[in-house]
Amino acid sequence: MTVRLQREDFDAGREAALLTHGRTDIGAVVTFTGICRGREAAGEIAAMTLEHYPGMAEAEIARHVEEAKSRWPLLGVTVIHRYGRLVPGDNIVLVVTTSAHRDAAFAAAEFLMDYLKTKAPFWKLEERAGETRWVEAKQSDGAAADRWRGKGRNEAAE
Amino acid sequence: MTVRLQREDFDAGREAALLTHGRTDIGAVVTFTGICRGREAAGEIAAMTLEHYPGMAEAEIARHVEEAKSRWPLLGVTVIHRYGRLVPGDNIVLVVTTSAHRDAAFAAAEFLMDYLKTKAPFWKLEERAGETRWVEAKQSDGAAADRWRGKGRNEAAE
Amino acid sequence: MKLVYFSWVRERVGKTQEDIAPPTGVMTVADLIGWLAARGEEYAYAFENPKIIRAAIDRTHVPPETAIAGAREIAFFPPMTGG
Amino acid sequence: MKLVYFSWVRERVGKTQEDIAPPTGVMTVADLIGWLAARGEEYAYAFENPKIIRAAIDRTHVPPETAIAGAREIAFFPPMTGG
């Protein structure tokens, strides 16, 4: 398991290759890359600054990676979340999951993204023409995260 | 949309970059890479040969990419499927989907993989110690593909 | 019309493709499978379990009750195992 | 104990962290929010809607009824928007 918080960009292909190199037990690799968009519901944005809770963010993400590993038969997980100021087109977050089969890799990647959107201690500040605004949490993200509650191994994505 | 059948390997990171380069409307990129495993249910395998129906395979995949685009608001899709002889650790298939939001990118990638596993005209021949054997279709793959039937836009992954 | 075979259907029939002219009573894909199965041991073996044979007419999947009239290329193969 | 603030809670309070010693009647996270809100205009503004304030004790999310006894670091922040 790799969990990293960093200002620097990441390379999704390289991170996936680090998980698969030299192995013959992995049948499925899923990568999710979240990217800063130039247009949100409230209009064009010029930039976005990601604040996080150092110390808590890394530990919390690691705990959820462990939960994903207990729910699905994963062979590897990498989560990288950037912080600091990003402009449209910049990478924000990467989740890579590997497993023998695709269902576990897909479900775990979605579970981790739903978690990162709603429970990981990060906050987005958008900059648009002359003003800044903290992004409000979306109800749809809360609903997406809630769908995993109380579901057991291998049945959460059904 | 890019659909390619080829003997050569592919680079998932490069294919994803081709879809996102210079754009600021994409918020989510999902890649799925299927890899040849060294051990299947029936034991160790030495190699696998993928046979396909030239002409039909490409057209059929393209048709399903169009279906995915009608179901979800996708901004780009790439599907690459290899054929010929592969050894454990080799890449087999790549699906890349991009969208403004993660739910569409995840759902479309899963939909396309379920389709490729069950309906795309490919057949796998496994080689193990001294013998070859055609891989049998899995019931679980059929069930995975069937879950998309009759479901409308944006509700298929629920 | 042209027939093409894949995977173990191809191996059992012993050829990748052939041109055939079935009699007029052979109307559907299922009829064609029955007619082929009676052509010899290799065909009987390939089509011994018609329920698991998949067919495509002119590169589109079709169910066994589909009429073959007008078909240029009919393909027979086992369930697909791609991905 | 140490308090830390993030996002607009930090901006409204006007500091990133501070050390406090609440009176003994302040038992829970909810009590602490009420006590803080009465400390001045900037706190009243930051905590004007306690229902949307999230809290963590020693870097673990906790609900408002959680006891604060023994806490080393308590964090307050709005709903998270990562990912």
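Lettering follows sequence order; numbering is per chain, from 1.
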Contacting moiety of [X], where chain B heavy atoms sit under 4.5 Å:
| X | result |
| --- | --- |
| T98(A) | neither |
| A105(A) | neither |
| A12(A) | neither |
| H21(A) | neither |
| A16(A) | neither |
| R23(A) | backbone |

One option among S140(B), A100(B), G22(B) has the most heavy-atom pairs under 4.5 Å with chain A, and it is A100(B)

For the candidates G27(B), G38(B), P88(B), which exhibits the highest count of non-hydrogen atom pairs separated by less than 4.5 Å from chain A?
G27(B)

Does CD belonging to Q6(B) count more than 12 external heavy atoms closer than 6.0 Å?
yes

Tell me whether the count of non-hydrogen atoms from other residues, nucleotides or ligands lying under 6.0 Å of CD in E136(B) goes above 12.
no

With a 4.5 Å cut-off on heavy-atom pairs, point out which of C36(A), A109(A), A144(A) contacts chain B the most.
A109(A)

Rounded to the nearest 0.5 Å, what separates atom OG1 in T20(B) from atom CG in N91(A)?
7.5 Å

Considering all heavy atoms, the nearest [X]-[Y] contact:
| X | Y | answer |
| --- | --- | --- |
| V30(B) | V30(A) | CG1-CG1, 4.4 Å |
| G89(B) | T24(A) | N-CG2, 4.1 Å |
| D141(B) | R102(A) | OD1-NH1, 2.9 Å |

Toward chain A, the part of D114(B) with a non-hydrogen atom under 4.5 Å
both

Going by the angle between their ring planes, with limits at 30° and 60°, are F106(B) and F32(A) parallel, tilted or perpendicular?
parallel

